[in-house]
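Keep in mind that what you see is a predicted model, and the values were worked out from it rather than measured.
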Amino acid sequence: MSSESHDTTDAPPLTEDIAPGTATDPPLGSADRATVTVDGTEVTVAAGSTLIDAVEAVDTDDSVPALCHYGREGIGPRSECRTCMVETDAHGVVPACSFPAEDGAVVSTDADGAATARSVNLDLVLSNHNLRCTTCGKNGRCELQDAAIEEDVEEPRYGVFDDRDAYEPLDDTSSFIQIDRNKCILCNRCVEACNDVQVEGVLRMEGSGQDTRIGFQSDAETMEASTCVSCGHCATVCPTGSLVEKGIEDATTIPLPGFTQKNSIGKAYENTGRSKGPMTPKKRAQRAKEEAATENETGDGGDATPGVPEDPDGGEWP
């Protein structure tokens with residue numbers, strides 16, 4: 001066997017071209033346990049904590065949304081949305097999600113400067129969001145919607161995305177995940193879940209300024225054409241209706257005759273029928289088990305697996 005043909009010394013790592021989320025970022029939290037006073041209440045948090053951990057541990061005077069903070073699995077924060085601003089005695093107004101919990105820190109959530117910063121930043125997020133909640137599958141279970149209600153937002157001071165008449169087409173090409181970029185708040189959670197937790201390297205943030213959007217590291221145009229393995233983790237961590245599992249994308253919409261999520265956007269990329277179906281080992285095993293059970297019950301192979309969209313081409317399993 002020739003050693004030359006199998007020389008991998010100069011071979012790049014598989015992830016060389018994959019942009020990570022936060023996997024290579026330095027730790028954000030405190031070095032040791034810290035006792036922090038939040039709105040007059042002392043709380044001790046573990047090493048590695050940030051101020052948001054202390055804020056979430058007490059009953060605060062004001063709501064602190066922290067939309068780009070997930071709080072689990074090492075996802076976020078990126079200090080993208082700045083909806084979690086609080087005032088500290090030592091450092092003034094800081095983002096609670098990414099500021100280390102220093103021992104002895106005194107935090108106020110209802111200070112005027114912090115409250116104003118949260119309000120302004122929340123309106124900035126809303127200005128870049130499609131606020132058509134009645135046609136959104138996340139209606140009633142959306143973190144942005146919750147934050148807006150908590151903050152008593154009636155009319156965002158900077159308008160809403162709806163005013164700009166610049167919708168991106170709905171990406172409805174995947175059999176498992178629907179992308180509506182018009183609802184994306186660029187929190188980066190989905191990118192981190194995809195790259196740092198699932199280590200699939202499918203999603204990325206691309207573009208700049210108002211053109212920043214969820215894209216694919218493979219430069220694919222649609223979810224169907226991407227290297228997505230349909231694990232669904234991106235949809236799980238999405239705080240809005242930007243990434244939703246198929247089958248529940250209209251689960252909580254308010255029925256209005258002739259008015260749906262798709263026609264409210266105006267254009268959608270549809271599935272071409274070339275979907276490969278779920279490709280993760282867990283989903284393959286689950287589908288095989290369900291198909292075997294159906295075959296045993298019917299004796300003739302049965303119909304398509306319940307809950308799994310049928311591939312018009314019969315599916316192509318890796």
Side-chain angles (χ1 to χ4, degrees), residues 19 80 125-139 142 144-145 156 159-191 193-194 200-278 309-313:
E80 300 281 359
V125 173
L126 290 169
S127 72
N128 199 35
H129 182 76
N130 173 357
L131 283 182
R132 296 185 174 181
C133 298
T134 56
T135 62
C136 179
K138 281 286 193 74
N139 186 24
C142 167
L144 179 59
Q145 188 181 46
V160 299
F161 188 41
D162 207 19
D163 300 335
R164 299 212 302 266
D165 192 25
Y167 286 143
E168 280 212 54
L170 193 73
D171 187 344
D172 201 34
T173 60
S174 166
S175 298
F176 300 92
I177 299 167
Q178 184 185 78
I179 304 179
D180 184 354
R181 292 181 174 86
N182 307 296
K183 297 170 183 168
C184 179
I185 62 172
L186 305 179
C187 68
N188 211 63
R189 287 189 191 180
C190 59
V191 176
C194 181
E200 294 296 343
V202 177
L203 299 176
R204 70 180 179 190
M205 286 294 174
E206 61 186 18
S208 60
Q210 287 195 348
D211 295 327
T212 306
R213 67 199 289 273
I214 303 171
F216 303 104
Q217 301 209 26
S218 62
D219 291 327
E221 288 295 323
T222 65
M223 181 67 95
E224 183 186 30
S226 75
T227 55
C228 175
V229 298
S230 308
C231 72
H233 204 158
C234 57
T236 301
V237 303
C238 179
T240 69
S242 183
L243 289 148
V244 181
E245 290 185 49
K246 296 295 287 291
I248 60 173
E249 67 269 32
D250 296 318
T252 52
T253 60
I254 297 175
L256 294 173
F259 195 59
T260 66
Q261 183 185 187
K262 281 189 180 179
N263 65 27
S264 74
I265 301 294
K267 182 179 179 182
Y269 294 134
E270 301 289 353
N271 187 284
T272 65
R274 296 193 297 271
S275 173
K276 295 182 178 180
E310 188 175 4
D311 189 329
D313 287 342

Review point. What distance separates C187 SG from L144 CG, expressed to the nearest 0.5 Å?
Key: 10.0 Å

Exercise for review: May I ask you to decide if K183's main-chain N or O and T240's side chain share a donor-acceptor pair within less than 3.5 Å?
Suggested key: yes

Exercise for review: Report yes or no: does R204 contribute a side-chain atom to a donor-acceptor pair with the main-chain N or O of F216 at less than 3.5 Å?
Suggested key: yes

Point to revise | Euclidean distance, C184 SG relative to R213 CZ, rounded to 0.5 Å | key: 10.0 Å

Review point. With D211, which residues qualify under side-chain hydrogen bond (donor to acceptor under 3.5 Å, both in side chains), at least two apart?
Key: none

Practice item. Please round to the nearest 0.5 Å and tell me the distance separating atom CD of E221 and atom OG of S218. Key: 9.5 Å

Review point. Does the side chain of N188 come within less than 4.5 Å of M205's, by heavy atoms?
Key: yes

Revision key, fill the gap. For C190 and C234, the nearest pair of non-hydrogen atoms, with its separation, is CB-CB, 3.7 Å

Check your understanding: What's the shortest heavy-atom distance between K138 and P239, and which atoms?
Key -> NZ-C, 4.5 Å

Revision key, fill the gap. Heavy-atom nearest pair, C228 first then M223, reads CB-SD, 3.6 Å

Check your understanding: Do L170 and I179 come close enough that some side-chain heavy atom pair is under 4.5 Å?
Key -> no

**Study point:** side chain to side chain contact (heavy atoms under 4.5 Å, CB included) evaluation trace for K246 with S175
**Key:** CA-CA 7 Å; K246 296 295 287 291; S175 298; 5.9 Å; no

Exercise for review: Keeping the roles fixed (side chain from E168, backbone from R181), state whether a donor-acceptor pair exists under 3.5 Å.
Suggested key: no

Practice item. Using a cut-off of 6.0 Å, state whether more than 12 heavy atoms not belonging to E206 lie near its atom CD. Key: yes

Check your understanding: Is there a donor-acceptor pair under 3.5 Å between the side chain of N139 and the backbone N or O of T134?
Key -> no

Point to revise | Donor-acceptor under 3.5 Å (T173 side chain, N271 main chain) | key: no

Point to revise | Residue pair C238 / R189, side-chain heavy-atom distance below 4.5 Å | key: no

Check your understanding: Does T236 use its side chain to pair, donor to acceptor, with the backbone of G232 at less than 3.5 Å?
Key -> yes

Practice item. Applying side chain to side chain contact (heavy atoms under 4.5 Å, CB included) between L243 and each of I214, D180, V237, report the one that passes. Key: I214

